[in-house]
Structure formats: structure tokens, C-alpha cells
There are 2 protein chains.
Amino acid sequence: MKIVAAKKLLKANDQIAAENRRRFASLGVYVVNLVGSPGCGKTTLLEGLFNQLGSQVRAAVIEGDIAGQIDADRMDRIGIPVVQINTEGMCHLDASMIAAASEGGLLRDVNLLLIENVGNLVCPAGYDLGESLRIVVLSIPEGDDKIVKYPAIFQRSQTLVITKTDVLPYCRFDVSRVRDDMRRLAPEADVFQVSALQGEGLPAIAQWLTAKQHTFLGTKA
Amino acid sequence: MKIVAAKKLLKANDQIAAENRRRFASLGVYVVNLVGSPGCGKTTLLEGLFNQLGSQVRAAVIEGDIAGQIDADRMDRIGIPVVQINTEGMCHLDASMIAAASEGGLLRDVNLLLIENVGNLVCPAGYDLGESLRIVVLSIPEGDDKIVKYPAIFQRSQTLVITKTDVLPYCRFDVSRVRDDMRRLAPEADVFQVSALQGEGLPAIAQWLTAKQHTFLGTKA
């Protein structure tokens with residue numbers, strides 16, 4: 001019974017996600033779903049990317065958190081239009097939350113929407129939000145065994161960003177092991193390394209993301 | 001309907017947790033539920049603690065992971081009896097898994113059971129496993145805003161261990177902010193700081209844990 005209910009919920013989510021995807025395409029908005037553990041550096045990565053992206057990119061953000069609006073405040077401070085979702089205990093965003101949050105004025109004059117999911121390496125894996133691209137973030141201090149231990153979320157992401165490379169000298173982390181594990185689970189995935197605090201690796205990601213967005217908008221135009 | 005079902009599940013879990021608690025008490029086993037984000041250092045903390053605990057403490061471990069047995073292998077290498085639970089996608093351990101894993105020979109001649117939950121700051125919060133003590137682990141690289149963003153799991157823990165203090169110089173982390181936030185949510189909680197890799201802070205935690213265990217076993221004797 002429980003499994004059937006979960007499957008029904010997932011199916012309902014998939015339908016709303018498909019509607020979101022159609023709507024985002026018709027509005028000309030490229031949508032990225034950013035997932036990763038609590039504290040892996042998702043918000044700092046966003047701040048760093050927005051600092052790099054050129055003026056052709058007009059971005060907005062949806063922040064997902066259990067409670068509070070710390071991350072929305074951070075986006076606000078750098079002038080990025082943002083809606084904060086509080087899931088009040090739920091461990092992931094779902095497509096209906098994104099539908100609600102992206103109504104109203106958030107997507108006006110916007111061509112890139114970044115959705116920062118609840119910090120969690122498990123639950124967001126099964127929930128399509130209607131995004132065009134899912135990026136999973138793994139930080140060096142989390143250790144190099146995470147892909148083996150939490151395979152679903154890595155398998156279902158098209159990009160891996162390894163963050164906090166500045167603390168690599170102080171951590172046990174074999175980058176080549178992580179790249180090998182990712183290649184096994186998601187052979188097509190792009191992999192980047194970045195220290196958002198020191199700015200290393202950000203230009204490459206910003207350039208790549210802009211190219212992805214151009215391709216998407218070009219094919220939709 | 002969904003919420004009712006979840007409440008029923010939680011109630012069933014609470015009943016099994018209460019049975020676990022009675023059984024652990026009758027066996028003279030002090031049980032700790034260790035929770036925290038993926039990669040916050042739970043397993044390394046366990047390795048460090050076992051290295052410190054005296055021979056009066058006879059420990060066993062239950063490891064909870066989505067997939068794989070990396071952590072169980074680590075316990076095995078240091079000679080700690082261990083059972084690995086694979087939740088196969090589920091984002092937390094529950095009391096029935098612990099009941100099943102602690103049957104058989106695991107608790108023979110054991111007086112301390114450490115349960116390492118699935119790495120997750122959300123889902124394990126609501127699931128009593130029948131433990132006597134819940135320890136939440138927060139690592140320095142995760143950032144000092146986690147208690148505000150994931151309040152439930154901190155509120156429901158009796159101890160906070162701040163790990164990876166060796167990378168404090170390279171991270172944005174205000175220890176006093178975290179201690180203040182924890183005091184607000186869980187005024188009675190003990191708070192420790194540790195670098196398990198460098199061994200700093202481990203003797204204090206081991207001593208404190210042994211004292212907690214003695215008190216528990218004394219009152220049950």
C-alpha cells in the first residue's frame with residue numbers, strides 16, 4: 001500500500017514537472033536543479049556564478065529550505081530575484097512547489113532559473129522539477145566515497161561540480177576515484193572542480209552554463 | 001490522507017522503538033543514534049572514539065547506508081562487530097530495521113551499541129530507533145547556518161559534536177554562533193568540538209560517553 005501511494009505521488013509529480021518544463025520552454029527560461037548535501041556549497045557556488053555570468057544572462061533563483069530564508073537573503077544582497085520555499089520538514093522540493101513559486105513575477109525578463117534544492121543527497125533524487133539540467137554538488141570535505149553510498153542522485157544528474165578544492169590538502173579525497181565512480185554511473189556527465197571562495201574554476205563553469213543555455217534557447221526559438 | 005498515513009507509520013515506529021528500548025535495557029546495552037549530513041565525519045568519529053574507549057566498553061555498530069558496505073568494512077578493519085543495513089533508497093533508519101539488525105549475535109557481550117544513521121539532516125529527525133542518546137554531528141565545512149536551516153534534527157538531539165575543527169582556519173564558521181543556536185533549540189545539550197583525524201577532543205568525548213554509559217547501566221542494574 002505504502003509503495004503504491006509513493007508511486008502515485010511520483011507519477012503526479014512527473015505530470016506537474018512535464019507541465020513546468022513546457023511552460024519554462026515557452027517562456028524561454030533555462031532551468032537548473034542544483035542538488036547536494038547540506039553545506040556542500042550550493043549557495044556559494046551560485047554567488048560565484050552570478051558574479052561571472054555576463055549581462056546577456058538574466059537569472060532568477062528559487063531557494064528550497066526546511067526553514068528560514070538565509071539563502072534567499074544572500075541572493076537578495078547580490079540583486080538576484082529570488083523566491084524562498086520553506087518545505088517545513090519535507091526533505092526535497094517537488095514540481096508543484098516550483099509551479100507555485102515560479103508564478104507571479106519571478107520569471108519576468110528572466111532566461112535562466114536556478115533552483116537550489118533542500119540540502120539532501122537522498123530525497124531530491126526521485127523528484128523531477130521540470131528542469132533542463134540537474135547539477136549535483138559534492139564538496140571535498142564530504143569525502144570521496146559519496147557516489148558509491150548515494151548512487152541514485154549522482155546517476156540522475158547530468159553534471160557533477162566538485163567544490164571546496166581549496167581544502168583538498170587538508171582532507172582525504174581522491175579526485176580520480178570520484179571521477180571514475182561518476183563515469184561508471186553517469187558516463188555522459190560533465191565534471192567540474194571549483195573553489196568558489198577563491199574563484200578558481202568558476203569562469204569555466206559560467207562559460208559552459210552560458211553555452212548550454214544558448215543551445216537550449218536556440219532550439220526553442 | 002498522506003499525512004494520516006505518515007502519522008500512522010510514525011506511531012508504529014514509536015511502538016517498535018519502545019520495544020527496542022526495553023530490550024536494550026534488559027540486555028544492558030547503552031545505545032547511541034549518530035545522525036548528521038553525508039560526509040560530516042560520523043564514521044571517522046566512531047573510529048576515533050573506539051581508539052579511545054577502554055576495555056570495559058565492549059562496543060558494536062550498526063551502519064545505515066543507502067547502498068554499499070564501505071562503513072561496515074571500516075568497522076571490521078578495527079575489529080568492531082558490525083551489521084550493515086542498506087536502506088535501498090530510504091533516507092533514514094527506522095526502529096524495525098534496528099530490531100532486525102540487532103537480533104542474532106550482534107549484541108552478545110556488548111554494552112555499547114552505536115548506530116550510524118543514513119547521512120541526512122532531515123529525515124532521521126522524526127524516527128526514534130530506541131536509543132538512549134542521540135548525537136548530531138556538524139562539520140566545520142558545512143557552515144555555521146545549519147541549525148537555523150535544519151532545526152528539527154538539532155532540537156531532537158541531546159548532544160552536538162562539531163567535527164573537522166582542523167579546517168576551521170580555511171572555512172567561514174563562527175563556532176559561537178553555532179553554540180548559541182544550539183542553546184536556543186536544545187538548552188540541555190552537551191556540545192563538543194573535535195578533530196577526529198588529528199585526535200583533538202576525542203579523549204573528552206570518550207570519557208563523557210563512558211560516564212553516560214556507566215550511569216545508564218548503573219540505573220538499570
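As a basis for the values below, the full set of heavy atoms in this structure was taken, side chains included, without hydrogen atoms, waters or symmetry mates. These numbers come from a predicted model, not from an experiment. Residue numbers begin at 1 in each chain, while the letters A, B, ... track the order of the sequences.
- Counting non-hydrogen atoms of other residues, nucleotides and ligands closer than 6.0 Å to CD of B:Q198 gives a total above 12.
- Neither the backbone nor the side chain of A:C40 comes within less than 4.5 Å of any heavy atom of chain B.
- Remark: of the listed residues A:T87, A:I66, A:V122, A:I66 is the sole one forming a side chain to side chain contact (heavy atoms under 4.5 Å, CB included) with B:V122.
- At a heavy-atom cut-off of under 4.5 Å, chain B is reached by A:E142, A:D145, A:K146, A:V148, A:K149, A:Y150, A:P151, A:K164, A:D166, A:V167, A:Y170, A:R172 from residues 142-173 of chain A, listed in order of number.
- Counting only heavy atoms from C-beta outward, the side chains of B:C123 and A:N120 approach each other to under 4.5 Å.
- Contact annotation for A:L138: neither backbone nor side-chain heavy atoms come within less than 4.5 Å of a heavy atom of chain B.
- Between chain A and the residues B:A125, B:S139, B:G119, the most heavy-atom pairs under 4.5 angstrom are made by B:G119.
- Contact annotation for A:N86: neither backbone nor side-chain heavy atoms come within less than 4.5 Å of a heavy atom of chain B.
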